[in-house]
Asks: 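Quick one: the structure is below, and I'll ask about it shortly.
In each ligand, atom 1 is the first atom listed, and ligand 1 is the first ligand listed.
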Amino acid sequence: MLVIVKKNYDEISKEAAQIVADRLRRKPNMVLGLATGSTPLGLYKELIRIHKKEGLDFSKVTTFNLDEYVGLPPTHRQSYNYFMYQNLFKHINIPQHAIHVPDGMAHDIDGFCDWYEQEMQRFGGIDLQVLGIGANGHVAFNEPGSSLGSRTRVKTLTQETRQNNARFFKGKEEVPRYAITMGIGTIMDAKELIMLATGSGKADAIKAAAEGPLTSQCPASVVQLHRKTFVIVDKEAGAKLTGLYPGSWKSSFTLAR
Ligand code: PGA
């Protein structure tokens with residue numbers, strides 16, 4: 001695990017974008033795993049900038065997104081499909097057929113989840129997966145208690161997550177109760193992981209993920225078993241990590257573990 005501590009959100013976004021851009025230049029047909037939420041927005045902005053200014057080419061990429069609400073069509077403003085189009089896909093040269101976001105409107109959801117797993121395999125597996133982390137240590141919709149071996153499946157959202165996400169809807173009752181999410185086992189199959197976190201609200205989660213016991217109570221802690229993970233945090237999100245030197249962020253400190 002490489003823990004990279006940066007000064008602020010802008011710098012973690014740029015660091016993550018440099019890693020994605022590097023992998024993409026080396027393997028133009030890479031399979032890229034993507035996340036929604038506020039944290040990766042800076043990364044997507046930077047990738048769009050590199051695409052426009054430096055010609056970073058997405059024409060041969062295949063993408064798979066982590067999750068989607070059940071019951072929201074891609075046209076719904078709170079669907080993750082919509083989010084991805086607005087914040088990344090419509091600004092880069094990725095072909096429509098190469099984009100995979102779970103289908104929240106699938107009639108046979110279990111069948112869809114199996115297909116999604118098979119489709120990742122058909123493309124050779126995910127090369128690099130981008131991840132956020134919840135304040136409670138969740139990754140994608142794998143809430144505390146999720147099986148560490150889980151695959152893509154339907155999950156019931158916790159009360160806490162529905163409450164947190166209510167701000168995006170007209171009220172808590174409008175927040176879907178279920179989501180399709182890649183499992184922890186699915187995520188662990190990616191060849192490389194980038195976990196991003198910003199702000200003091202994520203400091204406990206990052207500490208638990210990188211240094212706490214390996215436990216389903218903090219699903220993100222499973223990254224300790226992964227062979228190649230970058231944990232990229234700003235100084236606030238990294239504040240509770242041990243092993244950092246005082247003022248580490250000033251030199252964009254990297255803690256190799
Ligand atoms: P956030 O969400 O990026 O909006 O903080 C991250 C997550 O809950 O996984």
Asks: For Tyr178 and Phe141, I'd like to know if the aromatic rings sit close, meaning centre-to-centre distance below 6.0 Å.
Replies: no

Asks: Filter on side chain to side chain donor-acceptor pair (under 3.5 Å), then keep only pairs touching residues 98-107, sequence neighbours left out; what's left?
Replies: none

Asks: Do Ser146 and Arg153 have side chains that get closer than 4.5 Å, going by heavy atoms?
Replies: yes

Asks: Could you name each residue pair satisfying side chain to side chain donor-acceptor pair (under 3.5 Å) that touches residues 19-29, not counting sequence neighbours?
Replies: Asp22-Arg26, Arg23-Glu192, Arg25-Glu54, Lys27-Asp127

Asks: For residues 194-206, dump all side-chain donor-acceptor pairs below 3.5 Å to protein atoms at least two apart in sequence or in another chain.
Replies:
from: Thr198; atom 1: OG1; to: Asp234; atom 2: OD2; distance (Å): 2.6
from: Lys202; atom 1: NZ; to: Ile133; atom 2: O; distance (Å): 3.0
from: Asp204; atom 1: OD1; to: Lys240; atom 2: NZ; distance (Å): 2.9

Asks: Taking the six-membered ring for Trp, is the centroid-to-centroid distance between Tyr69 and Phe169 below 6.0 Å?
Replies: yes

Asks: Collect the protein residues that have a non-hydrogen atom under 4.0 Å from ligand 1 and hand them over in chain and number order.
Replies: Gly37, Ser38, Thr39, Gly132, Ile133, Gly134, His138, Lys202

